[in-house]
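Below is one structure, written out as structure tokens; comments come after it.
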Amino acid sequence: EADIYQTPRYLVIGTGKKITLECSQTMGHDKMYWYQQDPGMELHLIHYSYGVNSTEKGDLSSESTVSRIRTEHFPLTLESARPSHTSQYLCASSEGGRQWRYTFGSGTRLTVV
Amino acid sequence: EDQVTQSPEALRLQEGESSSLNCSYTVSGLRGLFWYRQDPGKGPEFLFTLYSAGEEKEKERLKATLTKKESFLHITAPKPEDSATYLCAVQAYGNEKLTFGTGTRLTIIP
């Protein structure tokens with residue numbers, strides 16, 4: 001039972017196309033994140049948000065952009081896709097307090113050809 | 001710089017054969033250490049958060065422990081459905097980023 005939803009699950013797209021990866025959560029979490037994961041490698045933070053109208057870049061250099069207009073929605077956009085953008089993109093949200101954890105979506109597997 | 005090293009990279013066990021996975025970490029002020037399970041093609045699934053040395057948490061056949069330098073994930077009498085990649089991550093105070101290890105790929109053979 002997923003509380004954080006990512007679409008599409010898989011995407012194959014040509015070089016130069018603009019794409020938006022969707023992420024929505026129903027838990028009312030303020031903090032949301034985008035991580036990038038290549039096969040057999042660590043997850044790397046590329047963007048995060050503390051809440052509406054707040055966005056920050058993570059450690060991994062990324063040519064993508066994000067927006068946070070609504071609490072539940074945190075889309076990631078690539079203006080011009082390149083083969084180097086081929087990867088798995090994982091969205092997550094977190095809550096603090098006694099149940100502190102990060103909840104991840106199922107991911108979008110992006111292939112740029 | 002925060003670092004997480006997981007060992008072994010891969011582990012194959014017979015069903016019922018107990019073992020432990022290791023997560024060694026260096027962090028500038030540990031806020032929390034997390035264990036996740038990840039199945040192929042899916043996002044990480046939360047297992048545990050540990051906050052301070054000496055803490056232990058259990059869930060079914062899994063038990064996580066924490067010292068000042070490492071964490072162990074003990075698997076008791078595993079079943080084939082426990083096969084997955086187990087990820088360890090740390091978060092430092094004042095940092096929104098989770099620093100992940102590369103994971104241990106666990107295979108339980110019936």
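A note on names: the letters A, B, ... follow the listed sequences, proteins ahead of strands, and every chain is numbered from 1. Keep in mind that this is a model prediction, so the values were computed, not measured. Note that these values count all heavy atoms, side chains included, but never hydrogens, waters or copies made by symmetry.
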Q: Would you confirm whether B/Arg105, through its side chain, and A/Gly40, through its main-chain N or O, come within 3.5 Å as a donor-acceptor pair?
A: no
**Q.** Spacing of A/Leu45 atom CG and B/Lys97 atom NZ [to the nearest 0.5 Å]
**A.** 8.0 Å
Q: Please round to the nearest 0.5 Å and tell me the distance separating atom CD of A/Gln88 and atom NZ of B/Lys42.
A: 12.0 Å
Q | Hydrophobic cluster identity match, B/Phe72 and B/Leu13, side-chain contacts under 4.5 Å | A | no
Q. Checking A/Tyr33 against chain B: side chain, backbone, both or neither under 4.5 Å from a heavy atom?
A. side chain
Q. Do B/Val90 and B/Phe46 sit in the same hydrophobic cluster, where Ile, Leu, Val, Met, Phe, Trp and Tyr count as joined when their side-chain heavy atoms come under 4.5 Å apart?
A. no
Q | Straight-line distance of B/Phe34 CZ to A/Tyr102 OH, nearest 0.5 Å | A | 5.0 Å
Q | Side chain, backbone, both or neither of B/Leu87 within contact of chain A (heavy atoms, under 4.5 Å) | A | side chain
Q. Is it true that A/Tyr89 and A/Val12 fall in one hydrophobic cluster, defined by side-chain heavy atoms closer than 4.5 Å?
A. no
Q: Give a yes or no on this: more than 12 heavy atoms of other residues, nucleotides or ligands lie within 6.0 Å of atom CD of B/Glu9.
A: no
(Q) Between A/Leu11 and A/Ile46, is there shared hydrophobic-cluster membership here, with clusters defined by ILVMFWY side-chain heavy atoms closer than 4.5 Å? (A) yes
**Q.** Residue A/Gln37 versus chain B: region with a heavy atom under 4.5 Å
**A.** side chain
Q) Are there more than 12 heavy atoms of other residues, nucleotides or ligands under 6.0 Å from atom NZ of A/Lys57? A) yes
Q. What part of B/Gln91 gets closer than 4.5 Å to chain A, counting heavy atoms only: side chain, backbone, both or neither?
A. side chain
Q) Which distance, rounded to the nearest 0.5 Å, do you find between the CG of B/Asn95 and the CG of A/Asp59? A) 6.5 Å
**Q.** Side chain, backbone, both or neither of A/Leu90 within contact of chain B (heavy atoms, under 4.5 Å)
**A.** side chain
Q. Is there a path from B/Phe48 to B/Tyr51 through hydrophobic residues (I, L, V, M, F, W, Y) whose side chains come within less than 4.5 Å of each other?
A. no
Q.
Is it true that, when you exclude B/Glu81 itself, more than 12 heavy atoms of the residues, nucleotides or ligands shown sit nearer than 6.0 Å to its CD?
A. yes
Q | Whether A/Tyr35 side chain and B/Leu98 backbone form a donor-acceptor pair below 3.5 Å | A | yes
Q. Checking heavy atoms, do the side chain of B/Tyr36, its backbone, both or neither come under 4.5 Å from chain A?
A. side chain
Q: Give the member of A/Glu56, A/His44, A/Lys31, A/Met41 that has the highest number of heavy-atom pairs under 4.5 Å with chain B.
A: A/Lys31
(Q) Is B/Gln38 close to chain A through its backbone or its side chain, or both, or neither, when contacts mean heavy atoms under 4.5 Å? (A) side chain
Q | Heavy-atom neighbours of A/Arg9 CZ exceed 12 at 6.0 Å | A | yes
